[in-house]
Amino acid sequence: MKQHRVRTYRSADRLPREQQLAWKIAEVAADPVAVEPLVAEMIGNRVIDSAGVAVAALGQRAVAAARAQAMCHTAARGAMVFGLSAQRPVSPEWAAWANGVAIAELDFHDTFFAADYAHPADNIPPVLAVAQHCGLDGAALVRGLAAAYQIHVALTKGICLHSHRIDHVAHLAPAAAAGIGAALNLPVEVIYQAVQQALHVSTATRQARKGEISSWRAYAPALAGKQAVEAVDRAMRGERAPSPAWEGEDGLIAWMLEGPDAAYHVPLPEPGEPKRAILETYAKEHSAGYQGQAMIDLAFRLRRRIPDLTQIERITIETSQHTHVIAGSGANDPQKYDPDASRETLAHSVMYIFAVALEDGAWHHERSYAPERACRPTTVELWRKIETLEDAHWTRRYLSTDPTDKAFGGLVVVKLQDGSFLSDELAMSNAHPLGASPFHRKRYIEKFRALCDGHVRAGEQERFLDLAQQLPTLTRQGVSGLTLTAEPCALGTHSPRGIFDYADGADDAVIVHAFAR
């Protein structure tokens, strides 16, 4: 692994493309190094995981709306939309869009934290959609996803976006473009142009994850994936990109990040070095922001020591600066204590997550966020007794580059009304690779089946699992079969019409939009 120094250059300096980060990313993507068996197996695990998470979200309004948009763009060849029949393909960028929203909606897919944050499985919808549309086989799909994960992790390690309130999908779009390029075996020049185009159109503010968090939190990565597909398509047609995208004097670093005097270091594999980054990423056992994973497990453990929760006077969670200011009371977001807040907001409130897990001793992707659950008086009372504090120890561990030391948990101190204290700490969630019960193929399949139960027939589940467990050896027909047809009752509805619904001859007298109702 080589650390590449990335900084701003004046236009007059004419930085050679071979020294630009986008070119180095493209070289990694185009490197034909074989995908190691352990990496291929993990890619299969994440395809299984993401499909289950997508199915569980099919009835959500945001997912139904994205699916309705995609179905306005059917294609004779195309790619598949989760939940719909494989006989109804759509244009690949729209399949990436619909499936991207479905996978991201419940905040239940994989995660990676370093200098910035990432959900690397957000790369799966665009790379899979292109593989299906272009008739690629399983080996090509695996090659593309290994490259996408590698680039996404590298950018997340090397360049902090959130400190400048830039949303982390600015790392996703270039990674997805690189992954698509790798799957298609495109030349370095084409991938280079696509990576820069994808970066250029995917920078947005972090307000999507602040204050009143909306369903755009799920749409943001879907849009980045869609933009990646379109960027590769344009680059394949000979279109060039603003260059250099990261290092230019009016580029990302100079004006959106630390400024022209700053330098970043991005770790990328040397030529011939296997792409193993997916093995550094983490699965989720609970449907919540990753800051809440260890907190849920810790709440379950503490619950056994507190027989009467009404005797709690105060709960203090000592944790990392990241957790405190993003998901904790340090965010200074009143919505994180509001029982009427959106599901997206509650999923990123450590205080809410800890209160519900402590009361229920269980966590469910729907029931734990139901409005009647959030508004339960005992929950609201307990919830407002909880605060987070930044602790230097947990911040250091959060920022550690040593995977055996890096941690995302904290110390919980409970003060009871009689003046006594209880405390416990957990550095890593149970599902973490170094946790008490790390995920492996069996756990991924169990999660998949639990999420598909009642939504997808058993035979359809087994058909998909059979394909996903043979991913590297699938034929093009097998890759096209990597979708799931859901029961109609699982799909939900989205009645308001949009622009795309109005085909030639449509009756425009029936126009009505959701907010006018």
Side-chain angles (χ1 to χ4, degrees), residues 1-2 24-51 109-110 112 118-157 172 174-188 190-191 194-195 225 228 232 266-283 403 433 439-441 444-445 464-482:
M1 196 69 64
K2 182 177 180 180
K24 295 170 183 177
I25 286 172
E27 287 183 317
V28 171
D31 188 352
V33 62
V35 177
E36 295 178 331
L38 193 59
V39 171
E41 180 182 356
M42 186 58 74
I43 291 172
N45 290 342
R46 300 304 169 79
V47 168
I48 291 168
D49 189 63
S50 298
H109 55 329
D110 67 16
F112 180 73
H119 293 289
D122 289 330
N123 288 283
I124 293 175
V127 178
L128 175 60
V130 170
Q132 291 178 334
H133 177 73
C134 295
L136 305 184
D137 61 16
L141 175 60
V142 167
R143 181 174 65 247
L145 289 175
Y149 267 81
Q150 188 72 48
I151 300 307
H152 203 165
V153 167
L155 290 172
T156 304
K157 286 181 175 180
L172 167 62
I180 293 168
L184 291 171
N185 268 328
L186 296 178
V188 172
V190 176
I191 301 174
V195 164
V232 175
V266 178
L268 293 172
E270 298 274 30
E273 185 178 353
K275 302 176 179 72
R276 300 190 180 101
I278 191 173
L279 301 178
E280 299 180 54
T281 64
Y282 337 111
F439 263 45
H440 44 71
R441 177 60 58 85
Y444 284 104
I445 291 175
F464 180 89
L465 287 171
D466 182 59
L467 291 175
Q469 292 181 87
Q470 308 177 55
L471 207 57
T473 59
L474 288 183
T475 63
R476 57 190 293 180
Q477 290 79 14
V479 171
S480 292
L482 285 171

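With values rounded to the nearest 0.5 angstrom, Arg46 atom CZ is found 5.0 Å from Ile278 atom CD1. Of the inter-residue distances, the one linking Thr475 atom OG1 with Gln470 atom CD reads 9.0 Å to the nearest 0.5 angstrom. Atom CD1 of Ile151 is separated from atom OG1 of Thr156 by 10.5 Å, given to the nearest 0.5 angstrom.
Using modelled atom types, one finds no donor on one side chain facing an acceptor on the other under 3.5 Å when comparing Asp49 with His109.
Counting heavy atoms from C-beta on, the side chains of Leu128 and Leu482 come closer than 4.5 Å. In this structure, Phe439 and Met42 have side chains that are not in contact, with every pair of non-hydrogen atoms separated by 4.5 Å or more. Side-chain atoms of His152 and Leu172, non-hydrogen and from C-beta on, do get closer than 4.5 Å to each other. You'll find the side chain of Leu184 stays beyond 4.5 Å of the side chain of Val190, heavy atoms only. Taking the side chain as every heavy atom from C-beta outward, Lys2 and Lys24 never approach each other to under 4.5 Å. Between Ile180 and Pro126 the shortest side-chain heavy-atom distance falls below 4.5 Å.
Among all heavy-atom pairs drawn from Val127 and Gly179, the shortest one is CG2-C, 4.2 Å. The two residues Val33 and Gly272 come nearest to each other via the heavy atoms CG2-O, 3.4 Å. Between Val188 and Ala30 the shortest heavy-atom distance is CG2-CB, 3.7 Å. Considering every non-hydrogen atom in both Phe464 and Ile48, the closest pair reads CE2-CA, 4.2 Å. Contact record, Lys157 with Pro267: CD-CG, 3.9 Å, taken as the closest heavy-atom pair. Taking both residues in full, the closest heavy atoms of Val153 and Ala277 are given as CB-CB, 3.8 Å, listed atom of the first, atom of the second, then distance.
Scored by the side chain to side chain donor-acceptor pair (under 3.5 Å) test, Glu41 finds no partners at all (sequence neighbours excluded). With sequence neighbours left out, Glu36 forms a side chain to side chain donor-acceptor pair (under 3.5 Å) with Arg276.
Within the 3.5 Å criterion, the main-chain N or O of Tyr149 finds no donor-acceptor partner in the side chain of Lys275. In terms of modelled atom types and a separation under 3.5 Å, the side chain of Glu273 and the main chain of Met1 share a donor-acceptor contact. Although no hydrogens or angles enter the test, the distance criterion places a donor-acceptor pair under 3.5 Å between the side chain of Ser480 and the main chain of Arg476.
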Next on the checklist: One pair to check against side-chain contact (heavy atoms from CB on, under 4.5 Å): Leu465 and Ile445. What are the steps and the verdict?
Outcome noted: CA-CA 8 Å; Leu465 287 171; Ile445 291 175; 4.0 Å; yes
Item to check | Derivation and outcome, side-chain contact (heavy atoms from CB on, under 4.5 Å), residues Ile25 and Val266 | outcome: CA-CA 10 Å; Ile25 286 172; Val266 178; 6.0 Å; no
Side-chain donor/acceptor pairs under 3.5 Å, residues 135-148, sequence neighbours excluded:
unit_1	atom_1	unit_2	atom_2	d
Asp137	OD1	Ala139	N	3.3
Asp137	OD1	Ala140	N	3.0
Arg143	NE	Ala182	O	2.9
Arg143	NH2	Ala183	O	3.0

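Checking Leu467, Leu471, Leu474 one by one against Val479, the side chain to side chain contact (heavy atoms under 4.5 Å, CB included) holds for a single residue, Leu474.
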